[in-house]
Every structure is written in structure tokens, then in C-alpha cells.
Amino acid sequence: MIRRSRVLALLLAATLAAASGCTSSDDSTEGGSTGDSGKTDSVTYMTAFGALGRDAFIWLAKDKGFFKDAGIDITIQKGTGTGNLSAVKSDQVQFSALDYTGAIIQAGKGKFTDWRAVAAIHQQTLVSIMTTDDTGITKPTDLKGKTVATGAGSVSELLFPAYAKLAGLDPDSVTIQGAQSTALNGLMASNKVDALSTFLLSKKALESASKKQAVVMPYSDYLSDLFGNVIIAKPELISSNPDLVKRFIGAALKGLQYALDHPDEAAASLHAAEPTSSEDSAVAEIEAMKPYTAPASGAPLGSIDQTRVTHSIAVLQSAGLIPPGLTPDKVADFDIVPSS
């Protein structure tokens with residue numbers, strides 16, 4: 001009887017030791033903290049569009065181990081613009097960057113509603129009018145009687161009437177020419193159009209293509225409440241696993257800040273992941289977007305202000321781009337990154 005008890009005791013001790021060893025392995029992740037389960041979470045992130053300097057921070061954050069430290073194994077996919085909403089909706093990706101104004105328009109029209117912005121990459125829209133210094137166009141009213149090329153059906157095209165009216169320009173006095181986004185700089189360089197409505201981050205690319213100095217007139221001069229790119233996730237993920245969302249956004253924003261401080265390193269990370277990308281162009285994009293990333297009144301990087309979202313919706317409604325009824329809580333979660 002005594003011998004049997006000793007055997008059982010030894011077996012129990014061995015079992016406990018083995019269990020203890022497994023728990024230690026699962027609960028520890030080299031490089032930093034993990035989620036509540038102590039295990040690494042695998043997520044997929046989609047860039048706003050392709051592999052450009054504006055998205056370099058996400059590759060940098062991965063290379064620097066910021067996601068690993070947060071207990072996240074990240075896979076990065078190249079985005080296609082508003083098509084990213086479909087990828088999020090179908091759970092192909094858990095997080096995605098995309099232009100906030102375009103996403104709000106989609107939600108306002110009822111086309112895509114199962115998403116929320118959880119952090120802002122750009123605190124202001126990056127859409128702008130761009131031309132070259134030989135056209136003599138230096139202010140919005142100079143566009144009267146001119147031809148402006150823009151991505152067909154893009155946010156730039158949709159916003160132009162609202163921008164023009166606020167800038168004192170009759171939008172009907174301007175000819176809008178739809179084109180493929182990749183063809184815009186070539187149209188300007190060959191003098192086939194007078195100006196572009198596009199993202200200001202492509203300024204260096206336009207100068208390289210045209211061999212001329214670019215003139216930039218940001219939409220944010222008149223539409224200051226509109227955000228640029230944001231990171232989105234599904235409401236279901238936000239409510240079911242807020243810890244993962246906060247860890248992901250924390251690592252991503254750490255990468256964004258590091259990229260703004262060290263654009264050369266961010267460009268190198270992008271080039272390592274996408275060898276066809278230009279490091280010089282990536283650096284130029286990061287430096288150009290830096291003034292648009294800082295929130296007002298000292299709020300944390302990435303914060304989304306509810307009052308500004310409300311104003312953004314009102315602007316889009318007044319421009320006739322969305323019907324009444326959309327509320328801020330349907331297009332943003334304000335708890336992930338505090339606004340103060």
C-alpha cells in the first residue's frame with residue numbers, strides 16, 4: 001500500500017513537472033509581452049495601396065520587432081485602395097490602411113459598413129491639386145477654364161466640387177478628366193492636362209517625371225476636418241479581442257513614429273520587402289507626410305477626434321456625397337487611441 005502511494009506520488013510529480021514545462025514555453029515569447037493567453041497572435045495587415053513610402057512604417061515595425069514584442073506575428077499584403085474594405089469584410093485581413101474619406105463615403109452609401117477606424121495615420125487628407133511651375137497656376141481660382149486629371153471615381157474626383165466651392169472656384173468651370181492613377185504624372189509631364197487632383201505625397205514623382213518644380217495646393221487648406229489614411233478593423237474583432245487590437249495599434253504607431261524620425265531606415269525596410277520600390281521616393285513621401293501626422297493640441301499619435309469625424313460626415317453630406325443618417329460611431333472606435 002505504501003509502495004503504491006509512493007509510485008502514485010512520483011507519477012503525479014512527473015506529470016506536474018511536465019505540465020509546468022509546457023506552460024513556461026507557451027507563456028513566454030522572446031522579445032516582449034504577449035496577449036492574455038500568453039501565445040503569439042497571427043494577423044494579416046493590408047497596406048493602403050501597393051508598396052509606397054506612406055506605408056513603409058509597417059514593414060519597419062515588423063523589422064524592428066515591434067510586433068514581435070507585442071506578441072503578434074504579422075503578414076503584410078499590398079492593398080488596392082477601397083477594395084481593402086472587401087478584404088476586411090471577408091476576414092482575409094484583420095487590419096487595413098485606407099483613405100478615410102473614401103471609406104466614409106462607402107459607409108454612408110450603405111455599401112460597406114462592417115468596419116471601424118481605430119487609428120489615424122494622417123490627421124488631414126492628403127488629396128491635393130498639383131501642377132508644375134510653368135503653368136502659372138498658383139491658386140485654386142487659376143484653374144478656371146483648365147483641365148484637371150484625376151483617378152476616375154477616386155476620392156480626389158469626388159471631393160473636387162466641395163474643395164472648389166470652398167476655394168471660391170466654380171467646379172463647373174473646370175474640365176475633370178478621369179484617368180488611371182498610374183498615368184497621372186505622365187499626363188502632366190507631357191502637357192496633356194493643366195493640373196492633377198491627386199495625393200500630395202507623389203510630389204517628388206511628378207517632379208521626376210516632368211523635370212519641373214511642382215506646385216501643391218492641398219485640399220486640407222479648405223477641408224481641414226477630413227482625415228487621410230486610417231487603420232481599420234471589424235467591430236467584431238474590436239469587441240471580442242480589444243487587447244489584440246490595442247497591441248497591434250500600439251506596435252504600428254511605434255513603427256510610424258520611428259519611420260517619421262528615421263525615414264531612411266523605413267525606406268530601407270520597404271525596399272527589402274519590395275525591391276522594385278525606390279528608397280529615394282519613399283524617403284520623400286515620409287518626409288512629405290510628416291506634417292500631416294501630428295494631432296492637434298498634443299493628442300497622442302494616431303488619435304481620432306470624434307468632433308472632427310462628426311464635421312467630416314457633415315462636409316460629405318453637404319457636398320451631396322452621402323445621405324443624412326451616418327453617425328461617428330459607425331465609422332470609428334474612439335477607445336483604442338485616446339484623443340487626449
Side-chain angles (χ1 to χ4, degrees), residues 45 47-49 52-58 60-61 79 81 84 95-105 107 115-130 155-156 158-159 162-163 166 197-203 216-233 245-246 248-263 266 284-316 328-329 331-340:
Y45 174 89
T47 67
F49 188 86
L52 302 170
R54 68 202 70 173
D55 283 303
F57 73 92
I58 205 74
L60 177 70
N84 292 14
F95 300 93
S96 175
L98 81 172
D99 181 82
Y100 196 32
T101 300
I104 291 178
I105 292 173
W115 62 272
R116 300 292 185 272
V118 289
I121 300 170
H122 307 130
Q123 292 291 321
Q124 292 181 314
T125 180
L126 300 180
V127 177
S128 69
I129 295 295
M130 270 200 294
V155 171
S156 301
L158 293 173
L159 282 179
Y163 164 78
L166 290 171
S197 180
T198 184
F199 291 96
L200 63 85
L201 298 184
S202 60
K203 175 176 180 287
V216 180
M217 294 175 280
Y219 276 32
S220 59
D221 288 346
Y222 299 93
L223 297 167
S224 59
D225 283 323
L226 301 183
F227 287 85
N229 283 354
V230 297
I231 299 176
I232 68 167
V245 178
K246 289 180 179 179
F248 180 89
I249 293 302
L253 293 178
K254 188 175 181 181
L256 176 59
Q257 184 62 66
Y258 196 97
L260 296 173
D261 295 336
H262 308 278
E285 279 206 7
I286 296 167
E287 291 177 340
M289 79 181 197
K290 186 173 183 177
Y292 296 85
T293 59
S297 305
L301 186 72
S303 64
I304 303 177
D305 181 80
Q306 186 168 352
T307 300
R308 284 189 56 204
V309 174
T310 302
H311 291 168
S312 297
I313 293 172
V315 167
L316 298 177
D329 61 297
V331 291
D333 186 291
F334 301 100
D335 295 329
I336 302 300
V337 181
S339 58
S340 60

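If you read the sequence from its start, that first residue is 1, and numbering goes on from there.
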Item checked: Shortest non-hydrogen contact between A117 and Y100, atoms and distance -> CB-CE1, 3.7 Å
Notebook entry, point to check: Looking at V230 and A120, what are the two nearest heavy atoms and their distance?
Noted result: CG1-CA, 4.0 Å
Notebook entry, point to check: Is I104 close to L316 at the side-chain level, that is, under 4.5 Å between some pair of heavy atoms?
Noted result: yes
Checklist line | Separation between CD of Q123 and CZ of F227, rounded to the nearest 0.5 Å | finding: 5.0 Å
Notebook entry, point to check: From T101 OG1 over to N229 CG, what is the distance, rounded to the nearest 0.5 angstrom?
Noted result: 9.5 Å
Check: Is a side-chain donor or acceptor of S312 paired with a backbone partner of D225 at a separation under 3.5 angstrom?
Finding: yes
Notebook entry, point to check: Could you state the interatomic distance from CD1 (I286) to OG1 (T293), rounded to the nearest 0.5 Å?
Noted result: 11.0 Å
Next item on the list: Using salt bridge (charged side-chain N to carboxylate O under 4.0 Å, His left out) as the criterion, list what pairs up with K254, not counting sequence neighbours.
Entry: none
Checklist line | salt bridge (charged side-chain N to carboxylate O under 4.0 Å, His left out) partners of R54, counting only residues at least two apart | finding: E285
Checklist line | Separation between CG of L301 and CG of L253, rounded to the nearest 0.5 Å | finding: 5.0 Å
Note to self: Show, in sequence, the C-alpha distance, side-chain angles and deciding distance for L260 and M289, and conclude whether the side-chain contact (heavy atoms from CB on, under 4.5 Å) test is met.
What the structure shows: CA-CA 9 Å; L260 296 173; M289 79 181 197; 4.2 Å; yes
Notebook entry, point to check: What distance do I58 atom CD1 and I121 atom CD1 have between them, rounded to the nearest 0.5 Å?
Noted result: 7.5 Å
Margin query: Can you give me the closest heavy-atom contact between M130 and L200, atom names plus distance?
Written below: CE-CA, 4.2 Å
Margin query: If you apply the rule side-chain hydrogen bond (donor to acceptor under 3.5 Å, both in side chains), what do you find for S156 with Y219, and how did you get there?
Written below: CA-CA 9 Å; S156 301; Y219 276 32; 5.8 Å; no
Checklist line | Test side-chain contact (heavy atoms from CB on, under 4.5 Å) applied to L226 and V127, step by step | finding: CA-CA 10 Å; L226 301 183; V127 177; over 6 Å; no
Notebook entry, point to check: So among I231, D333, D335, I336, which one has a side-chain contact (heavy atoms from CB on, under 4.5 Å) with V245?
Noted result: I336
Note to self: Give me the atom names and distance for the closest heavy-atom approach of A48 to D55.
What the structure shows: N-OD2, 3.2 Å
Item checked: Backbone of G81 reached by a side-chain donor or acceptor of D99 within 3.5 Å -> no
Item checked: Straight-line distance of W115 CH2 to S96 OG, nearest 0.5 Å -> 10.5 Å
Next item on the list: Might you point out which heavy atoms bring V337 and A119 nearest each other, and give the distance in Å?
Entry: CG2-CB, 4.1 Å
Check: Taking it one step at a time, do S197 and Y163 satisfy side-chain contact (heavy atoms from CB on, under 4.5 Å)?
Finding: CA-CA 11 Å; S197 180; Y163 164 78; over 6 Å; no
Item checked: Contact summary for I304 and F334, nearest pair of heavy atoms -> O-CD2, 3.3 Å
Note to self: Taking G79's backbone N and O only, do any of them form a donor-acceptor pair with T47's side chain (distance below 3.5 Å, no angle check)?
What the structure shows: yes
Next item on the list: On the 0 to 90° scale, with breaks at 30° and 60°, tag the F95-F248 ring pair as parallel, tilted or perpendicular.
Entry: parallel
